[in-house]
Every structure is written in structure tokens, then in C-alpha cells.
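We name chains A, B, ... by the order of the sequence lines, and we start the count at 1 in each one.
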Amino acid sequence: MTASFIGNTLIKSITLKLKPLMDIATNSPSLITTTISPRLAKNLRRDIKGRVIEFILMLAALSAVFTTFAIVAILLYESFGFFKTVSLVEFFTGKEWTPLFEDAHYGIMPLVAGTLTTSMVALAVAVPIGTIGAIYLSEFASHKTREITKPILELLVGVPTIAFGYFALLFVTPLLQKIYPDLPGFNMLSAGLVMGVMIVPYIASVAEDAMRAVPMSMREGSYAMGATRFQTALRVVTPAATSGIVAAYILAISRAVGETMVVAVAAGQQPNLTFNPTEGAATITAYIVQVAMGDLPHASIGYQSIFAAGLVLFAMTLGFNIIGHIVRKKYREQY
Amino acid sequence: MMNTTTAIKAESRNLDFFYSNGHRALKSINMPLYENKITALIGPSGCGKSTFLRCFNRMHDLYPGNKYQGQIIMHPDNTNILEAGVDPIEVRMRISMVFQKPNPFPKTIFENVAYGLRVRDEKNKRTIADKVEEALKGAALWNEVKDRLNDLAFNLSGGQQQRLCIARALATDPEIMLFDEPTSALDPIATANIEELMSGLKEKLTILVVTHNMQQAARVSDYTAYMYLGELMEYGDTDTIFTRPTRKETEDYITGKFG
Amino acid sequence: MQASTTPAKASVLSNLNAVRTMIRRHKRNDIIFASIGLIALMLALLTLVTLFVDLVLDGYPKFNLTFFSDFPSRRAGSAGLLSAWVGSLLVMIVTFLTAVPMGVAAGLYLEEYAPKNWFSDLIEINVSNLAGVPSIIYGLLALGLFVYGLDLGQSILTAGLTLGLLILPIVIVSTREAVRGIPVAIREAAYAVGATKWQVVSDHVVKYSQGGILTGVIIGMSRAIGETAPIITIGALTFIAFLPPSPITDVAPYLNFEWLSASFTVLPIQMFNWLSRPEHAFHINAAATGAIIILVTLLMNGTAIWLRYKIRKNIKW
């Protein structure tokens with residue numbers, strides 16, 4: 001025991017001393033074999049292999065950092081070209097967005113208005129339905145109902161958004177036109193409504209997670225006072241899970257703001273400074289799609305404009321995501 | 001100490017309890033709870049004392065598959081609170097509970113105590129304020145919190161939180177109060193506070209307390225029940241149980257030879 | 001004592017009657033809310049069913065084999081999906097080869113190797129941030145970096161790489177979750193018989209977490225198949241009535257990589273293309289394509305969910 005301990009320490013100290021050497025001359029086994037015994041050399045080769053593998057794995061992990069960096073760099077670089085032509089003041093305060101016209105205007109406000117309007121319609125649908133669904137799943141549903149419902153919600157999340165775009169344009173809009181005949185074929189209302197249904201599972205599952213994180217002892221405390229399920233859900237569990245539920249909403253806004261295909265297909269592609277959902281209007285994402293569909297020369301102002309629009313979109317979603325994660329972290333720490 | 005004229009507030013008759021996995025946690029328990037007295041349940045962990053306590057407010061109904069057999073009769077109305085036709089909510093409105101770990105709600109001190117009243121649809125602000133004050137006084141917490149009733153309950157110390165939970169349970173004038181190891185998460189000073197409180201409370205109501213601390217049982221209770229492996233081994237007035245237990249097992253447990 | 005019982009009993013009983021009335025009212029609220037909750041969830045499910053049925057009914061005339069063997073055409077009636085499904089398949093190959101090795105390696109690094117310091121925090125923040133970046137932003141990244149920066153053009157390689165980066169966070173997160181589920185005891189057992197760290201990771205950790213990783217890969221791939229926005233953004237919305245060169249040839253070395261730089265179309269792009277036409281006849285094609293895409297993604301997601309369910313049932317560490 002003592003002998004082996006001393007032996008191990010010896011090997012360790014030799015390895016340690018040799019490490020700098022190996023780092024410089026990893027490809028010179030002769031150096032190693034001439035200085036130490038074959039058994040130790042084998043250990044060293046193993047060690048080198050382990051370090052190389054670790055390095056490769058680390059490079060793979062760094063790809064995430066690289067991707068973020070590349071996104072920011074590309075958006076900034078191309079936008080920089082754009083802002084050489086367009087002043088920031090015009091960009092943020094201009095009320096017209098017509099970069100591809102002869103008489104070009106570069107005010108992002110109409111696109112932001114379209115993005116916010118469709119997102120608000122979506123949230124008006126998704127927040128109540130998603131929250132009620134989450135409360136039901138977490139506090140009312142039997143184990144079996146939950147086991148069946150949650151996978152179905154996951155399936156709903158997996159449906160490609162282009163299919164929802166079709167649904168909004170060719171199913172929901174005609175349906176709404178029966179009730180409201182003046183509704184144009186492209187409108188933010190049906191795009192927003194469909195987007196809302198799309199986001200429901202997202203809110204439901206994040207909010208449900210938050211509610212289930214509320215300790216059982218708190219529910220027992222409420223039931224022990226003679227409360228019903230509904231009273232417990234409304235008066236104790238929901239307040240206790242507030243930060244998680246709010247995080248679900250914020251992350252959902254980020255989703256809605258970045259959603260592309262539904263709005264590109266169903267909300268129209270005409271920039272329109274309005275908050276009236278019964279009108280058609282382009283969102284930031286729809287504008288990017290519209291430009292990309294055409295054949296714009298590289299490095300033209302139109303080409304650069306989609307990066308400037310993309311930068312605004314990225315900043316908006318990043319902001320919401322960061323706030324959402326901070327809020328969510330808060331509830332995780334709470335219990 | 002045994003007073004023959006004391007009324008029985010509740011009694012269990014041939015009570016069996018099965019968890020959803022089929023485990024029989026209680027075996028034919030017969031035991032009275034005397035009105036305005038404190039009854040202590042002692043025994044090694046896993047003996048079923050908490051299971052037994054939680055039968056009294058049908059807490060086991062929260063988890064599917066649990067099954068009661070036998071009766072718990074409440075007096076003076078002779079209701080068998082375990083009967084299928086009796087709503088567990090009705091039982092919980094009559095019998096309140098204080099848990100092992102303080103479990104205040106994420107609300108203000110005031111709203112925590114008012115919770116039971118709100119659940120009972122009490123709308124009158126005056127009544128609620130009066131009841132909250134009364135309950136906080138009853139739980140010996142009023143002087144410490146009267147100036148910060150709108151603070152979050154989480155900001156209180158552990159001992160204060162537990163007294164808040166007692167106030168919460170008191171505010172609705174329960175007939176019986178259940179204490180499930182109420183001091184196991186508290187320091188000795190807070191423990192002494194709560195024990196003193198319990199002794200005062202029995203003027204108004206009937207108390208059943210689970211404790212793993214024999215000194216506590218000896219200090220606060222009028223009657224003591226020793227449980228082991230789901231069975232009621234011995235029951236009697238506390239002095240007798242602690243000085244002249246009839247069964248060897250009880251004596252071994254009390255003297256610390258076992259458990 | 002007898003005398004005091006009767007009035008006490010009467011008061012308890014009258015009190016009980018009031019309590020019982022109140023409980024009945026409360027329970028009615030319970031039932032009302034439970035019904036609303038169930039309806040809310042059903043609404044989401046019902047939309048999915050309506051959507052699918054709508055697509056199937058609208059696209060019904062196109063459900064035949066020639067739809068899969070025809071190229072797109074100016075005439076809606078004879079237009080088919082051949083170049084689109086072949087394109088999707090080839091793009092998915094590139095996506096798979098990008099996202100799976102990189103994602104699994106990154107996941108393994110973060111769980112097994114990374115020291116807990118600012119460096120691993122940085123990577124972790126980036127992974128969770130990337131998961132929330134809108135897909136169209138990946139399109140802009142690809143347009144600036146792959147199409148023009150690296151001059152890969154609007155090719156299958158560009159699209160595959162883009163979607164690979166897009167689903168990378170999904171693969172990383174699912175790898176980490178799967179690996180985290182393996183108990184320390186298994187690792188210690190392997191170390192105890194003299195395995196190196198990499199032997200422990202490759203022979204044990206990866207092996208036992210295969211199922212969980214596979215689940216994440218399937219979900220990621222199904223997401224990639226349905227993604228439209230980033231592919232449009234790289235400028236791939238063109239009329240493609242030919243197939244890329246075959247990856248397999250009949251002369252040695254039997255492999256050919258020209259297809260990587262070929263222009264292409266994929267299923268969701270083809271659907272969007274048809275959907276943006278004003279003529280109703282093309283909408284039928286779009287509906288049929290939509291039904292096929294949904295079917296494929298539902299099948300993939302369903303498999304993944306089933307797989308995860310099975311893993312949870314079988315493994316009891």
C-alpha cells in the first residue's frame with residue numbers, strides 16, 4: 001500500500017515535470033522513450049490522446065460561442081454599411097419604409113408596428129389559453145390526462161410554421177371574412193390568431209413547469225384550510241409561480257416577434273404604420289423574406305436593409321430572452 | 001389527572017389505512033381524543049403516527065389510491081368523517097393543521113392569516129381584520145408583527161413562520177387542531193414558545209400532536225399514545241405512560257433503549 | 001354535561017349546514033374551471049386536427065405517386081415534388097453530419113470535461129441564447145457568412161450548414177440531459193478498472209445515453225425539415241426543375257461531392273412558392289405538400305416522444 005502510494009506519487013511528479021515538454025514536442029516519442037521506461041511512456045501517450053480529445057470536444061462546444069459571435073458580427077457589419085447611407089434618426093423615427101422604391105424611405109417604425117401588432121394579437125390568444133391550460137394541467141388533470149396531453153402539446157410545437165401560414169391564409173381568413181366581410185385577404189388578425197394558437201403549448205408547458213415547482217407543502221397548507229382545487233390554484237399556486245409564469249409570457253413574446261412564415265404568408269408584405277389588426281402590414285421578418293425572395297445585388301442598400309432590420313429583430317428577441325431567463329432563474333432559486 | 005367527566009371530541013374506531021402501493025400503514029386503531037386536551041402521538045419514525053394524524057383532516061385524499069377503513073367519529077354530531085359521503089373540505093374546515101415545516105403562502109403576513117376566512121367567502125373587512133388580530137394574538141405573534149402586517153411572510157424567522165401558520169390555522173375557529181411535529185424544524189427557544197402556545201390553546205380547542213421528542217410529549221400533553229409499526233401499542237394519560245407503562249416495548253422506547 | 005351537549009350539538013349542526021352549502025358552491029367553481037381548462041387544451045389540439053384535415057382535404061387531388069416523381073412546373077396540374085423531396089433529403093444529410101457530431105461533442109464537453117468557471121458559463125449562456133434566436137436570423141447569418149463571406153453560394157451545403165447550426169442547441173441540450181442521467185457509480189466502476197477518461201466517456205457515457213441523444217437528434221431533424229425562413233433568406237426560392245448530381249456514382253471512388261454545391265429546393269420552400277401564387281390550383285399543391293410535411297414531422301416527433309417514454313420506463317438506475 002505504502003509502496004504503491006510512493007510509486008504513484010513518483011509517476012505523477014514525473015508526468016507533471018514532463019507536461020511542459022510534451023506540450024511543446026507532442027510529436028517526439030523518441031524523447032519520451034529515451035528518458036523514461038516504456039510503461040510510463042504508454043501512460044504519457046494516453047495522456048496526450050486524452051488532451052487532444054478534450055481539445056476537439058472543446059472546439060465543438062466553442063461553436064456555440066462562435067455562432068453567436070458570427071451572428072452579431074454579420075448583423076453589425078452589414079448594418080454598418082446601411083447606416084452609412086441612412087441616419088439613425090431617420091431609421092428610428094421615420095414613418096415610411098420603402099428601401100426598394102425610387103423614392104426610398106428608411107423608417108423602421110411601420111415594420112416594428114406590424115411586428116408588435118401581430119405579436120399582441122397572438123399573446124391575447126396565447127396568454128389566457130396557455131395559462132388556463134397550464135393551471136389545468138398542473139392542478140386539475142389526473143396523472144393519466146397529463147401523460148396524454150403533454151406529448152400532444154409537444155407535437156403541436158413541432159408542426160412547421162409554414163403549415164400554420166397556409167391555415168391562416170386559406171382557412172382562418174376566409175372564416176373571419178364570413179363574420180367581417182370587409183376584412184382584407186392579408187390581415188394581421190388571422191396571422192396573429194394562428195400564431196397565438198401556435199404559442200399556446202409553449203406558454204402552457206413553461207408555466208406548468210413553474211407551477212409544478214411550487215412545493216407540495218404549500219398546496220397542503222392551502223387544502224388543510226379547507227380550500228378547493230380552484231381556490232388553491234388561484235390563491236396559492238399561481239401567485240407562488242408568478243415569476244415562472246411571467247417568464248413564460250416574455251419568452252412567448254420573443255417567439256411571436258421572431259415568427260416568420262405565418263406573418264409572411266398571411267399578414268401581407270406592405271409596410272403599414274398601423275396598430276389595427278384588421279389591416280394588412282409587413283412585419284420585420286416578413287420584410288426580410290420579401291427582400292430575400294427577390295434578386296437583390298449583394299452590398300446594395302436593399303440587401304443591407306434586411307440586416308439592419310434583422311439587427312433590430314435580434315436586439316428585440318435578445319432583450320426579451322434575457323429578461324425571461326432572469327425572471328425564470330428567480331423562481332428556480334426560490335424553491 | 002384523568003377526568004371522567006371530560007367529553008370525547010373525536011375517536012377512531014378500527015381504523016385501517018392503506019397507501020396506494022398497498023402498504024397497510026395503520027392497523028385497527030381505536031383511540032379517543034378528549035375535548036380541550038392535548039393528545040400526543042409518539043413512536044419511532046415510520047410507525048404511522050403522522051399517517052394517523054393526517055387521517056383526521058383527510059389529507060391522504062390529496063393523493064390518489066390511498067384508502068381508509070374504519071371510522072373516525074366526531075362529536076357532538078357523531079359524523080364519521082371518513083365516510084365517502086362526507087366531503088374532505090368540510091372536515092378540513094372543522095379540523096385545521098400545522099405542518100412539520102412552516103409553510104406560509106407567498107403572501108403578506110395579514111393575508112396568510114386571513115387565508116382561511118377568504119376561502120370561506122368572508123367579505124367583511126372589519127370581521128377579517130378582527131379575526132386576524134385575534135388569531136395573531138392567540139399565536140403570540142401579534143406584538144412582533146403588528147407594525148408590519150403587509151410584509152411578506154417569508155421575511156419572518158422560522159419560529160415566527162411556524163407561529164404564523166398556527167395563527168392561520170386558528171383564525172377559522174377550528175374544533176380540533178392537528179400538529180405534525182411542529183417544532184422539529186425549530187431551535188429550542190422557538191420550540192419552547194410553541195409548546196407554551198399549545199398549552200394555552202387547549203382552553204379553546206382539542207389538540208392532537210405528533211412528536212418524536214419524548215420530553216415534548218411529557219411536557220405538553222395530557223394523553224399519550226405510543227405507536228409502533230402501524231399499531232397503537234399503548235394509550236393512557238401522559239403521567240401513567242411515562243412513569244408506569246404497562247408494556248415492555250413502551251418502556252424501552254421511552255427510556256431510549258429503542259427507537 | 002348532558003345539558004350542555006344539546007345546544008352545542010345544535011349549533012355545530014346548523015353551522016355544518018351552512019358550510020356544506022358553501023362547499024357545494026365552491027365545488028361548482030371547481031367543475032366550471034376544470035371544464036374551461038380542458039376546453040382550452042382541446043382548442044390547441046383541435047386546431048392541430050383542423051389544420052391537418054384542412055390540408056388533407058384541400059390537397060387530396062394531388063395524393064398520387066406522380067406528385068412525387070414530377071418536377072415543379074408552370075402548370076399546377078402537372079407540377080410535382082421530385083426536386084423538393086430530393087433536396088430536403090440531401091440538405092438533411094448535411095445538417096445531420098454537422099449538428100450531430102458537433103452537438104454531441106459539445107454536450108459531452110460541457111457535462112464531462114468543462115471546468116466550472118467563466119469559460120463554461122460563457123458557452124452555456126451562448127447555447128441557451130442561441131436556442132431563442134429566431135430562425136430567420138440564422139438565415140441572415142448564412143447569407144452574410146456562407147453565401148457571400150465563404151462564397152458557398154445558395155447551395156445544399158449552405159442550407160445544410162445553416163440548419164445544422166440552427167438545431168445545434170437542441171442536440172447539445174438533449175445530449176447534456178441524457179449524459180446527466182447517468183449515475184456517478186457507472187463512471188466510477190469504469191475508472192476503477194483502469195479506464196481513461198475518454199474510454200469512460202466513449203465506452204460508457206455515450207453508450208448509455210444513446211437513446212436520449214437520439215431523441216434530441218430526431219426532434220432537431222424534424223425541426224430542420226420544416227424550417228422555411230432561413231432557407232428563403234439565403235435566397236433559395238427559385239424554380240428548380242432538375243436534380244442535383246447524384247452523391248453515388250458507378251465509378252471509383254463511388255462518391256461524388258458536386259451535389260453539395262448544387263442549387264436546390266426543399267419541401268417547405270416549394271410549399272411557400274405554391275402558396276404565394278394567386279391561382280387556386282397551386283394552393284392544392286401547397287396543401288398536399290403541407291400535409292406531407294406535417295405527417296413527416298409528426299411521425300418523427302412522435303417517434304422521439306415514444307422513445308423518450310420508453311427510456312424513462314426502462315432505465316431505473
| remark: Scored by heavy-atom pairs under 4.5 Å with chain A, the best of Met93(B), Met59(B), Arg58(B), Lys101(B) is Met59(B)
| What is the distance from atom CD1 of Ile89(B) to atom OH of Tyr223(A), rounded to the nearest 0.5 Å? | 8.5 Å
| Quick one: what part of Ser142(A) sits under 4.5 Å from any heavy atom of chain B, side chain, backbone, both or neither? | neither
| What part of Ile95(B) gets closer than 4.5 Å to chain A, counting heavy atoms only: side chain, backbone, both or neither? | backbone
| query | At what distance, to the nearest 0.5 angstrom, does CE of Met225(A) lie from CG of Leu117(B)? | reply | 7.5 Å
| note | Turns out that what part of Thr242(A) lies under 4.5 Å from chain B's heavy atoms comes down to neither
| query | Any side-chain heavy atom of Arg235(A) within less than 4.5 Å of one from Arg118(B)? | reply | yes
| query | How close do Ala227(A) and Tyr115(B) get, heavy atom to heavy atom, and via which atoms? | reply | CB-OH, 3.7 Å
| note | Nearest heavy-atom contact between Met97(B) and Ala224(A) is CB-CB, 4.2 Å
| remark: Checked His143(A), Arg219(A), Met216(A) vs chain B; the most non-hydrogen pairs under 4.5 Å come from Met216(A)
| message | How close do Pro106(B) and Met218(A) get, counting heavy atoms only, and between which atoms? | response | CD-SD, 3.5 Å
| request: Against chain A, label Phe56(B) side chain, backbone, both or neither, depending on which of its atoms sit under 4.5 Å from a heavy atom there. | output: neither
| said: Given heavy-atom pairs under 4.5 angstrom as the criterion, report whether the side chain, backbone, both or neither of Pro174(B) touches chain A. | reply: neither
| task | Could you tell me which non-hydrogen atom of Glu220(A) sits nearest to which non-hydrogen atom of Arg54(B), and how far apart they are? | result | OE2-NH2, 2.5 Å
| message | Are the side chains of Ser217(A) and Phe99(B) in contact, using a 4.5 Å heavy-atom criterion? | response | no
| task | Look at Asp61(B), Thr172(B), Asn103(B) and state which one has the largest set of heavy-atom pairs under 4.5 Å with chain A. | result | Asn103(B)
